[in-house]
Amino acid sequence: MSDVNIRITDNSSLVGEKFQQAVERALTRIGLQAETYAKRECPVDTGNLRNSITNAVDDKSAYVGSNVFYAPYVELGVRGRDPQPFLKPAATEHSDVYKRIVQDELGG
């Protein structure tokens, strides 16, 4: 009878690291894509609002927004002016695209 050597290696930390990297790549791509959609939908007068749209990513989320003080008034409307949403549609109307990005990055 021959000797059988079995070696078991714990690669769980490497797998977790690779998974986190894939999540970060997916969130970065989603943030950039959402920013593109928001800029495409943004009403333009001077271009200041559109140019202010950026995205940010943390460990679990991608954000898209603007630091221009009047962005909420354009997005939500004010008395005498109808809403012209550009941020909410960028976030909510493209979930199929965002899902494909996640699947692409996670290999699914």
Show the nearest heavy-atom pair for residues [X] and [Y], with the distance to one decimal.
{"X": "L49", "Y": "V68", "answer": "CD1-CB, 4.1 Å"}
{"X": "E35", "Y": "N55", "answer": "OE1-ND2, 2.6 Å"}
{"X": "L87", "Y": "G65", "answer": "CD2-CA, 4.0 Å"}
{"X": "V64", "Y": "I53", "answer": "CG2-CG2, 3.8 Å"}
{"X": "D104", "Y": "R29", "answer": "OD2-NH1, 2.6 Å"}
{"X": "S66", "Y": "S52", "answer": "OG-OG, 2.5 Å"}

Listed by chain and number, what are the salt bridge (charged side-chain N to carboxylate O under 4.0 Å, His left out) partners of [X], not counting sequence neighbours?
{"X": "D96", "answer": "R100"}
{"X": "E75", "answer": "none"}
{"X": "R25", "answer": "E105"}

Would a hydrophobic clustering, with Ile, Leu, Val, Met, Phe, Trp and Tyr connected at side-chain separations under 4.5 Å, put [X] with [Y]?
{"X": "V74", "Y": "L76", "value": "no"}
{"X": "L106", "Y": "L32", "value": "no"}
{"X": "V15", "Y": "I8", "value": "no"}

For [range], which residue pairs pass the ring-ring contact (aromatic ring centres under 6.0 Å, His included) check, not counting sequence neighbours?
{"range": "residues 63-93", "result": "none"}
{"range": "residues 38-60", "result": "none"}
{"range": "residues 19-51", "result": "Y37-H94"}

Qualifying residues under side chain to side chain contact (heavy atoms under 4.5 Å, CB included), relative to [X], sequence neighbours excluded:
{"X": "E17", "value": "Q21"}
{"X": "T9", "value": "R7, N11"}
{"X": "I30", "value": "A62, Y98, I101, V102"}
{"X": "T36", "value": "Q33, R40"}

**Request:** Just grab all the side chain to side chain donor-acceptor pair (under 3.5 Å) pairs involving residues 78-92, residues at least two apart or on different chains.
**Result:**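 Not a single pair qualifies under side chain to side chain donor-acceptor pair (under 3.5 Å).
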**Item:** Cluster companions of V44 among Ile, Leu, Val, Met, Phe, Trp, Tyr (side-chain spacing under 4.5 Å)
**Value:**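 Listed partners: none, V44 stands alone.
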**Request:** Look up atom CG in D59 and atom CG in L27, then write down how far apart they are to the nearest 0.5 Å.
**Result:**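 Going from CG on D59 over to CG on L27, the span is 9.0 Å.
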